[in-house]
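What follows is a single structure, written as structure tokens, with notes after it.
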Protein chains: 2
Amino acid sequence: MRHVAERARVSRMTVSRALNKPGTVNEGLRKRVLDAVAELGYVHNQLARNLSSQRSNVIGLVLPSLENSIFAQTLKGISDILRPIGFHLMVAESTDDPEDEEQVVAAFVAQRIAGIILHSTNHTPATVRMLRSSNTPVVENGDFPAEPIDMVVSYSNRAAAKAMTLHLARLGYRKIAFAGLAANPRADQRRLGYLDALRETGLATEPSRVVSVSRGFAGGTEAIACIANRLPDTDALFCAGDVLAAGALFECDRRRWRVPGRLAIASFDDLELMRHVRPAITSLRLARYEIGHRSAQMLLDRMEQASMPVTFVDLGFEIVQRAST
Amino acid sequence: MRHVAERARVSRMTVSRALNKPGTVNEGLRKRVLDAVAELGYVHNQLARNLSSQRSNVIGLVLPSLENSIFAQTLKGISDILRPIGFHLMVAESTDDPEDEEQVVAAFVAQRIAGIILHSTNHTPATVRMLRSSNTPVVENGDFPAEPIDMVVSYSNRAAAKAMTLHLARLGYRKIAFAGLAANPRADQRRLGYLDALRETGLATEPSRVVSVSRGFAGGTEAIACIANRLPDTDALFCAGDVLAAGALFECDRRRWRVPGRLAIASFDDLELMRHVRPAITSLRLARYEIGHRSAQMLLDRMEQASMPVTFVDLGFEIVQRAST
DNA sequence: CTTCGCCAAGTTACCGGTAACATGAACCGT
DNA sequence: ACGGTTCATGTTACCGGTAACTTGGCGAAG
């Protein structure tokens, strides 16, 4: 920048102003500055700017998994907000482990990020303390936390799972099984919602049909195997994950089980895939893109005005009834 | 940091050293410093550190699309390298548009990122100039560029597509169609590879069966519709994308076409889905995770030693023969 | 013709670290 | 006992910007 200032024969301050608030600089000088910038191929040092102005143009995002495509939509929703205003996105993975998350958050706070989006609701005390004391705007996604750190944009896993289970009951299914990942906080909430619904409809007097499975398509295969062996009278399966449901459907196909004749299948999270398999799978549609979009927007709003008009958003869910139930 | 120094009754420099090179500081002082850090809840300012030391701990990644799950694997491969050494990842999307890419690269250079990974090989001259003059280590992925900016880690789209087409020919298919995205540089290369193979086997004398389709499962549907209407004697379809192939398979299912009896289907990119549909789809397996892993590793190697032992890596591909061909 | 206020441009200090050099005590061999 | 290393610590300057204040020229009001 010093070179630009010398070349344009103005002070560094004028260069800074010409680039940041063009309106406050005389047109002639501004042109000299911009010419000098172009001739020297000068690129602004955002690091120095951030340090000096005590604010950053980077947002941090912590996802449970980088590989899961459902988070890709959220990522895109965030990016679409940040890009037009020159903000950037730093991404890291927590693997749903609060200790890992703590490390990532510490690193993000050290980077003096302008805000952070946590796609989880389970944090170590140190994580919360760091975020509070550094005064970082925070949005939590993924579920509704019992004690929000700051802002929340999500849907209720428990309510959604309950609604889907009630939907299955309303369709006449009576022996509804539930398959979900073990030791996953969101799957746990969904399991609770499922049990809520059973209780409410009186189906809870039946034996519990809860299955814990592993990740990916294989989990669906396991779920069907389990039903075939241990719970053969099951008439509907609610999978707490999209890929799980697809895996289950493929396994039914292999076993020549009619869906929904032999077994109805419903899933959580409406991946595009759900619409294209045969039969198409009944699913819960969640506003994944919107979660990112609103989260980013709320962080920015908060930065502009210290006030906080909105701190809690329930984006809800929709049940998409298809041929599989 | 000043407060930490005062509390520990040492100079700021000693605090800096105690945190960065613990070995060079007397044990007693070091303990005083660390205690003070803990008591004050001091968090290092990475911004200031980067500015002062003239180096950054952030890597930039530019992907054609944030939503495509094939890139998620690459993302994970990068992240797994960066995390243990305290580096971070900034992500942006180019939508395969060199102008957009230029803007993103400009922003990344402004952030003084330590290195950049471009998942594309088509750049504006300004992009190349910026990266060269800022002396940023660069890795290009996605394909082999005609004129690499710096380092390259990829596979050859053209060679892979050629190999798969030859594989189909070897299996006895004679009327092989190709479906790919329009105006996508990687799909274009794959199309060339497909044509290379046809020429080599003499099948090129047949009419060309190249179909351009839209993105997603719908593209597969379009491809099958096109074959049904315009190219009914086609006996194999090579889809230049995983989701495309799945969409095509689902459409065949709807039309009750036997696969591979009526039509064989092969795909590019071996998503887990390919293994689970019925019939499982023959596919090209690319080392997506490895691309990220190696790219990140090469950037780091380059930073440590100004020399550049490796600048070009071909990760190759594998053909996975399954029931669909 | 002053005086006041306004606005563009310049000056100074600081953001929070680190590099490079300066200092001074302990240790060494002779 | 003395000059020469070595090593831990302190001092100074700088990284590349911006905030806050200062300066000076100019037009409108008194």
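Only heavy atoms go into these numbers, but all of them, side chains included; no hydrogens, no water, no symmetry mates. In what follows, chains carry the letters A, B, and so on, assigned in the order in which the sequence lines appear, proteins first and then strands, with residues in each chain numbered from 1.
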Where along nucleotides 8-16 of chain D does protein come under 4.0 Å, by heavy atom, of base (B) or sugar-phosphate alone (S), with - for untouched nucleotides? SBBB-B-BB
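Under the rule for a ring-ring contact (aromatic ring centres under 6.0 Å, His included), the partners of B:His293 that lie at least two apart in sequence or sit in another chain are B:Tyr289. With sequence neighbours excluded, no residue forms a side chain to side chain donor-acceptor pair (under 3.5 Å) with A:Ser56. Remark: B:Asp269 engages B:Arg288 in a salt bridge (charged side-chain N to carboxylate O under 4.0 Å, His left out) (not counting sequence neighbours).
When side chains are defined from C-beta on, A:Asn50 does not count as touching A:Arg112, because their heavy atoms never get closer than 4.5 Å.
For residues 37-47 of chain B, the pairs satisfying salt bridge (charged side-chain N to carboxylate O under 4.0 Å, His left out) are B:Arg7-B:Glu39, with sequence neighbours left out. Sorted by first and then second residue, the salt bridge (charged side-chain N to carboxylate O under 4.0 Å, His left out) pairs with a member in residues 70-95 of chain B read A:Lys76-B:Glu93, A:Glu93-B:Lys76, A:Asp100-B:Arg83, B:Lys76-B:Asp80; sequence neighbours excluded. Counting only residues at least two apart or in different chains, side-chain hydrogen bond (donor to acceptor under 3.5 Å, both in side chains) contacts with residues 61-71 of chain A are absent.
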Collect all protein-nucleotide pairs involving nucleotides 24-27 of chain D in which both atoms are nitrogen or oxygen and the distance is under 3.5 Å.
none

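Using a 4.0 Å heavy-atom distance criterion, B:Asn50 is classed as making no nucleic acid contact.
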Atom pairs and distances, donor-acceptor, side-chain atoms in residues 29-38 of chain B, under 3.5 Å, two or more places apart:
from	atom 1	to	atom 2	distance (Å)
B:Arg30	NH1	B:Pro22	O	2.9
B:Lys31	NZ	B:Asp35	OD2	2.8
B:Arg32	NE	B:Ala8	O	2.9
B:Arg32	NH2	B:Ala8	O	2.9
B:Arg32	NH2	B:Arg9	O	3.3

